[in-house]
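Just follow the structure's listing: the first ligand is 1, and inside any ligand the first atom is 1. Computed from heavy atoms alone, side chains included, the values below leave out hydrogens, waters and symmetry copies.
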Amino acid sequence: MDNLKIPTELMAPAFNPATFGVRGAAHEIFTRLRRDYPLSIAEVPGYDPHWIVTKYHDIREITRQDELFHGGDRSKTLISQAGEQLVKQFTGGQSNIFRSLVQLDPPEHGPYRAVLSGAFMPNAIAELEPKVREIAQAHVRHMLELGPECDFASQVAFLYPLQVILDLIGVPKTDHEKMLRLTQWLFTYADPDLGRPGSDLANPQEITNTWNIVFNEFKDYYDPIIKDRRACPRSDIASMIANGKVNGCPMEERAMISYYVIASTAGHDTTSATTATAMWILAEQPDLLKRLKNDPKLIPGFVEESIRWASPVQQFVRSATQDYALRGRTIRKGDLLYLSYISGNRDEEVFEDSFVFKPDRSPNRHIGFGYGGHICLGQHLARLEMRLFWQELLPRLRSVEMAGDGKMAQSEFVCGPKKVPIRFEVER
Ligand code: HEM
């Protein structure tokens, strides 16, 4: 079969966090892969071979079949062989440091997801609107007070979704900064500004070291909260997890701590990354701001397009539980599949002008939230947060432009801008 193997010099940069720190660099690689190697094998030194899945429909076909393609038998994210070995040492033989929903497979996954799924259904999220709007208003006020210039990423976007989810979990304000720091260590472990100070990036096991430290920090933090919420349950997510039952039994410990971790990390960083990306685009495209101000009904479409465009979750990995035929290839039982969500969301065969940002794109069935059984639990909350933020900000924003160079974080896993310096004028 032609083009079965991707040349190492083409693929290796996509395994390197630094590549994602350069805006658009990963897209250059994946655009070429979609054209010449849509479903081919990468053999990058230090890593097990991976099928690189670049096409939208292939990613949906895999993620829709979570019995056949598992998230928890191997590492759920790209990791070196050395890193994976160290995971086994730290966990006594498990495949992942974390056992959150994304690493759980059927039949375990469903009952675990059910612990929180009710709280994240559209009707439950709709009830949060007044509370989330208040938080959005406070952050918009804060931004306007910072004017006429600010770093929108670190001074606004990092902080607003952080407050929303941590208030819902029940984490006191005094600990929000700690949660932000731990999230950044986890998702941007390789970034010189956001990663854990003192981490040794030359060591291929560093991702595992950092993740193990982060797991233990979260465990130390949430252990007393679990005790407290079991003794005196409140109406917060911390109480739902602490008292959650899976098939009538308490959750397994690593899975329970991981539940707190995914809510306290994925529950804000992804939304912050999308919001910061959207502001970067607005600052570059003055006509877009005008269109949104003239027609606020475009805001939900603008949010949807920002998710497609930003796709902050760059990749997740699955492993095949049996042989499977896809796009004329034979995937063998045990093979690893790297699902490039950023690539699927720019697939030219699905999205017309896929590199053009269109707030009125319709339909816009992006896979920024994934697809299938693991589709993002927080998708309705994320949409609500972003819609309310833009509804509050845009009527007050007369103009916005970049006030310096924006900067992307260096991460091959969850990635977004770490710096978006803007200059803006407010409506009088
Ligand atoms: C724009 C914002 C967000 C994006 C782009 C995003 C993206 C994703 C993606 C791609 C997945 C699928 C993982 C897979 O394929 O295995 C996922 C799962 C998940 N997300 Fe989000 N997410 C966002 C916001 C949130 C929020 C606000 C929460 C709130 C708690 C959240 C919690 C979760 C959880 C718990 C899962 C695991 C679901 C499961 O495996 O059953 N996410 N997210």
Is any side-chain N of the basic residue among [X] and [Y] closer than 4.0 Å to the acidic one's carboxylate O?
X	Y	answer
Asp193	Lys419	no
Asp323	Arg332	yes
Glu349	Arg34	no
Arg35	Glu348	no
Glu134	Lys131	no
Asp287	Arg291	no
Arg383	Glu304	yes

Is ligand 1 under 4.0 Å from a heavy atom in the side chain of [X], in the backbone, in both, or in neither?
X	value
Lys76	side chain
His366	neither
Tyr371	neither
Ala310	neither
His374	both

Quiz item: Under the 3.5 angstrom rule, does the side chain of Tyr160 hit a backbone N or O of Glu385 as a donor-acceptor pair?
Solution: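 Side chain of Tyr160 to backbone of Glu385, a donor-acceptor pair under 3.5 Å: yes, one is there.
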Exercise. Can you figure out which of Ile262, Leu339, Thr63 has its heavy atom closest to atom 36 (C) of ligand 1?
Key: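 Among Ile262, Leu339, Thr63, the closest heavy atom to atom 36 (C) of ligand 1 comes from Ile262.
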Self-check item: Check: Tyr56 ring centre within less than 6.0 Å of Phe351 ring centre
Solution: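 Yes, the ring of Tyr56 comes within the 6.0 Å limit of the ring of Phe351, centre to centre.
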Quiz item: Are Phe316 and His374 close enough that their ring centres sit under 6.0 Å apart?
Solution: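 No, ring centres 6.0 Å or more apart.
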Would you mind checking which non-hydrogen protein atom is closest to [atom], with the distance to 0.1 Å?
atom	answer
atom 37 (C) of ligand 1	Val102 CG1, 3.7 Å
atom 15 (O) of ligand 1	Tyr341 OH, 2.6 Å
atom 38 (C) of ligand 1	Arg113 NH1, 3.3 Å
atom 5 (C) of ligand 1	Gly368 O, 3.4 Å
atom 13 (C) of ligand 1	Phe316 CE1, 3.3 Å

Quiz item: Should Met386 be listed as contacting ligand 1, given a heavy-atom distance under 4.0 Å as the test?
Solution: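 Contact present.
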Quiz prompt | Close approach of Pro312 to ligand 1, heavy atoms, under 4.0 angstrom | solution =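 True for this residue.
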Quiz item: Asp353 and salt bridge (Lys or Arg N to Asp or Glu O under 4.0 Å): which partner among Lys358, Arg361, Arg346?
Solution: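 Exactly one pass, corresponding to Lys358.
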Quiz item: Which residues and atoms, protein N, O or S only, are under 2.8 Å from atom 21 (Fe) of ligand 1?
Solution: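 Those protein N, O or S atoms (cut-off: under 2.8 Å from atom 21 (Fe) of ligand 1) are Cys376 SG.
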Does any N or O of ligand 1 fall below 3.5 Å from an N or O anywhere on [X], backbone included?
X	answer
Thr274	no
Arg318	yes
Thr271	no
Glu385	no

Quiz item: Sequence neighbours excluded, which residues qualify as ring-ring contact (aromatic ring centres under 6.0 Å, His included) partners of Phe30?
Solution: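 Partners of Phe30 by the ring-ring contact (aromatic ring centres under 6.0 Å, His included) criterion come out as none, since no residue qualifies.
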Practice problem: Mark yes or no: Arg327 above the aromatic ring of Trp51, with NZ or CZ under 6.0 Å from the six-membered ring centre and no more than 45 degrees from the axis. | Solution: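 No, a cation-pi geometry is absent between Arg327 and Trp51.
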Exercise. Would you verify whether the NZ or CZ of Arg254 falls within 45 degrees of the ring axis of Phe215 while also being under 6.0 Å from that six-membered ring's centre?
Key: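 Yes; both conditions hold, so Arg254 lies above the ring face of Phe215.
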Quiz item: Which ligand 1 atoms does His109 reach within 4.0 Å, using its non-hydrogen atoms?
Solution: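 Atoms satisfying the 4.0 Å criterion: 39 (C), 40 (O), 41 (O).
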Quiz item: What atoms in ligand 1 come closer than 4.0 Å to a heavy atom of Phe120?
Solution: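 Listed by number with element: 29 (C), 30 (C).
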Quiz item: Any side-chain donor-acceptor pair under 3.5 Å between Ser264 and Tyr222?
Solution: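 Result is yes, a qualifying pair exists.
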